Amino acid sequence: MKLKQYFFIAVALVSAAFLQSCSDDKDTSAKAVLSSVSLLNYEGLSPESQTITVVSDANWFSEAPEWISVSPATGQAGQTEVTLTVSPNLREGALDNPRRGTVIFRGNSMASICEVSVRQDGDKYRDVGSYTINDLYSMADETVVEIKNISVATVGTKGFIATDGKDNLLVMNSKSETITAGDVVSIQGERQHDSANMPYITLDNITSRTSGTVPVVTYQDITDEVDTYRSTSRTAITITGFYDAGYVNIEGQDYRVAIDDAPSTFNASSLNAHDVVLNGYYCGTLAPIVHIIVDSFVDLGQREVIYFFDDFEWLEEWSIAANAGRSVEDDNLDANSPGIRSASCTATIDGQSINLFDYTEQVKGYKFLYDKDDNQRIYLNRNYFKFGKTGNHAGITLPKIDIEAGTKVVLQFDWCPMRQGSGKIDPVTLFVEVTEDGKEPVKIDVPEAGWENGHRLEWIRAEVDLSAYKIDKYATITISQNEFDLTTANRWFLDNVKIKSAN
């Protein structure tokens, strides 16, 4: 609807320009040309003609590839209905590769050009070449490829790792094809690259599949070199560390390990606060995080006692419904962040339509704080919360926790300040407020981020010692910010909240 509104506004502006040009000179070539669409899609075999509107302030003409017909091909000032027709996309009697072209409507200068992209379906795998995994490293993104007879080494929830005996390949399985470790497959797909500049394939077709044996893998132990380890390929690695709130921490190393994918048998919540051994495939390093796709793991047992933990993965239903983005992980200032009170943050739970704000407070037991007292200052990312916007600030009170008297605990959480478009880091400062039964609230400041402007968004681990306080069912714990009275931007993100034994 907005696109149509903008087009008709533009039509009015061009019409005004036309009237002005008529009174100023006698040049009959258009100085402004617009079209009602910028992209048209056509079927490959039986394409139907499509009509668009072209508006200009004077005479215009068109340019198009030979397989696209434009009628009329020229026009005068005002609005003109133009029909675009494409020929069937055939070669030697069979469907040809998909094709793209551009139709240009123009006057007498580069400033008066309007382009309409035309795309026509086809057989994207006609004449496709067969390649090795190693060939992918020198290819451009979106190159269509076929790779034959590779062995599936491990299967995750998002895709699988396959090998040709020399190199390993990540195949993203958005089509949910049934794959089993040990299968020998031939695949068709498009080459893409990830944030570590490693190639991967988005799967389109499995052209053959036979049963085989799971490849024997020799894992390189990088536990003692996590900070410095780098590889340009998906090497098989093993790491031993402490699994804590979604990351594996390694004593003596500054970098943490994040799990990008794992088999469905990998139950993250059951491993929290455990020492683990992870075997898998290296997916690059984005400081200070090393990324891995897990193949197998060994649970070495629990290291600490946890009284409360929330990684907010229960937000997934709402994140999907609202198409929430990942501001922190993707370092994306424009990631979609809908307000949790908005209609888009509504999901169907047990057959009922439930708004996220209501579910969080009424079912999960949290309480949100707002400086404007209007329930409008907290937003959803996938799967965590974003707090505040320019001139508006917010916080959150945790659900009540009943811990045995005398227990000394530590509050731990991940947070991240927002970065502005100019590169400035929001100067937000956080605090934890503890209210014991019958006592005045106590405020404990959280160390500042201390980032220079332009710093990439990343999670900061905060730990607050609460051992001096009685944390029982009457106590409240709030995480909030100091800038409630300011009109500036002081936004922040929150994830992985944990209360654990201080011993």
Side-chain angles (χ1 to χ4, degrees), residues 156-159 161 168 170 172 193-200 219-262 266 268-269 271-295 297 309 311-313 325-333 335 381-386 412-419 425 447 449-452 454-463 492-498:
T157 59
K158 303 174 185 176
I161 295 286
N168 303 313
L170 169 62
M172 300 302 292
H193 79 279
D194 60 17
S195 57
N197 205 31
M198 292 187 194
Y200 67 91
Y219 301 98
Q220 178 185 351
D221 192 338
I222 68 165
T223 301
D224 295 331
E225 51 181 318
V226 164
D227 288 358
T228 58
Y229 181 81
R230 302 292 186 274
S231 176
T232 57
S233 61
R234 299 190 192 280
T235 50
I237 59 174
T238 185
I239 298 169
T240 301
F242 177 63
Y243 188 76
D244 183 23
Y247 295 94
V248 176
N249 301 280
I250 300 165
E251 190 171 351
Q253 302 290 310
D254 293 328
Y255 283 31
R256 295 184 289 170
V257 179
I259 299 170
D260 289 359
D261 197 9
F266 185 84
S269 60
L271 294 176
N272 200 48
H274 288 226
D275 288 307
V276 297
V277 178
L278 299 182
N279 303 315
Y281 295 86
Y282 178 72
C283 291
T285 299
L286 293 175
I289 306 296
V290 175
H291 293 265
I292 184 176
I293 292 177
V294 170
D295 175 9
F297 63 95
F309 175 68
D311 59 7
F312 297 109
E313 290 305 306
R326 305 176 193 267
S327 300
V328 179
E329 293 84 351
D330 297 339
D331 190 37
N332 182 4
L333 305 186
N381 269 212
R382 187 170 183 175
N383 291 313
Y384 49 90
F385 289 114
K386 176 185 178 183
Q412 178 181 290
F413 58 89
D414 292 335
W415 75 284
C416 175
M418 184 56 162
R419 186 179 70 245
I425 302 297
W451 292 348
E452 295 182 354
H455 193 288
R456 178 185 175 88
L457 298 185
E458 61 180 276
W459 291 110
I460 302 170
R461 177 62 53 82
E463 287 203 3
W492 55 288
F493 303 88
L494 177 70
D495 198 4
N496 296 322
V497 180
K498 177 196 291 186

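Quantities reported herein were computed from a predicted structural model and do not represent experimental measurements.
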Item to check | Heavy-atom side-chain proximity of Glu329 to Leu457 below 4.5 angstrom | outcome: no
Next on the checklist: In the structure I gave you, are the side-chain heavy atoms of Val276 and Thr240 within less than 4.5 Å of one another anywhere?
Outcome noted: no
Checklist outcome for this item: salt bridge (Lys or Arg N to Asp or Glu O under 4.0 Å) pairs touching residues 282-292, sequence neighbours excluded, are none
Checklist entry - Does any N or O in the side chain of Asp311 come within less than 3.5 Å of the main-chain N or O of Glu313, such that one atom is a donor and the other an acceptor? => result yes
Next on the checklist: Under a 3.5 Å distance rule, please check whether Asp227 uses its side chain to pair with a backbone N or O of Tyr255 as donor and acceptor.
Outcome noted: yes
Next on the checklist: Donor-acceptor pair, distance only, cut-off 3.5 Å: does the side chain of Lys158 make one with the backbone of Asp260?
Outcome noted: yes
Checklist entry - Given side chains that start at C-beta, do those of Met198 and Ser233 come closer than 4.5 Å, heavy atoms only? => result no
Next on the checklist: Using the ring centroid of each side chain, check whether Tyr384 and Trp415 are separated by less than 6.0 Å.
Outcome noted: no
Next on the checklist: Evaluate Leu278 against Ile259 for side-chain contact (heavy atoms from CB on, under 4.5 Å), listing each step before the verdict.
Outcome noted: CA-CA 9 Å; Leu278 299 182; Ile259 299 170; 3.9 Å; yes
Item to check | Side-chain touch Tyr247/Arg461, heavy atoms, less than 4.5 angstrom | outcome: yes
Checklist entry - Would Phe297 and Tyr243 count as a close aromatic pair, with their ring centres under 6.0 Å? => result no
Next on the checklist: I'd like to know if the side chain of Thr238 and the backbone of Tyr219 have a donor-acceptor N/O pair within less than 3.5 Å.
Outcome noted: no
Checklist entry - Hey, what do you get for CD1 (Ile239) to OG1 (Thr223), rounding to the nearest 0.5 Å? => result 6.5 Å
Checklist entry - If you measure only the distance, is there a donor-acceptor pair under 3.5 Å linking the side chains of Thr157 and Asp261? => result yes
Item to check | Rounded distance (nearest 0.5 Å) linking atom CD of Gln220 with atom OH of Tyr282 | outcome: 11.0 Å
Checklist entry - What closest approach, in Å, do Cys283 and Ile293 show between heavy atoms, and which atom pair accounts for it? => result SG-CG1, 3.4 Å
Checklist outcome for this item: The single option from Phe312, Phe493, Trp492 that satisfies ring pair (Phe, Tyr, Trp, His ring centres under 6.0 Å) with Phe385 is Phe312
Checklist outcome for this item: Rounded to the nearest 0.5 Å, the CH2 atom of Trp459 sits from the CG atom of Asp414 at a distance of 6.5 Å
Item to check | Flag side-chain contact, heavy atom, 4.5 Å: Leu494 against Phe413 | outcome: yes
Checklist entry - Does Asp221 CG have over 12 foreign heavy atoms under 6.0 Å away? => result yes
Item to check | Asp194 side chain vs Ala196 backbone, donor-acceptor pair below 3.5 Å | outcome: yes
Next on the checklist: Quick check: do Leu333 and Arg419 have side-chain heavy atoms less than 4.5 Å from each other?
Outcome noted: yes
Checklist outcome for this item: When rounded to the nearest 0.5 Å, the distance separating CE of Met418 from NZ of Lys386 is 4.0 Å
Item to check | Reported CG-to-CZ distance for the pair Leu286 and Arg456, which is rounded to 0.5 angstrom | outcome: 5.0 Å
Checklist outcome for this item: Scanning both residues in full, the closest heavy-atom pair of His193 with Asn197 reads CD2-OD1, 3.5 Å
Item to check | Which atom of Ile460 lies closest to which atom of Ala449, heavy atoms considered | outcome: CD1-CB, 3.6 Å
Checklist entry - What is the distance from atom CG of Asp331 to atom CZ of Arg326, rounded to the nearest 0.5 Å? => result 14.5 Å
Item to check | Heavy-atom side-chain proximity of Ser327 to Asn381 below 4.5 angstrom | outcome: yes
Item to check | Residue pair Phe266 / Leu271, side-chain heavy-atom distance below 4.5 Å | outcome: yes
Next on the checklist: Taking side-chain contact (heavy atoms from CB on, under 4.5 Å) as the criterion, tell me which of Ile289, Ile250, Val248 meets it with Arg256.
Outcome noted: Ile289
Next on the checklist: I'd like to know if the side chain of Glu458 reaches the main chain of Cys416, judged simply by a donor and an acceptor atom lying under 3.5 Å from each other, with no hydrogens or angles considered.
Outcome noted: no
Item to check | cation_pi(Arg234, Tyr281) dist<6.0 Å, angle<=45 | outcome: no
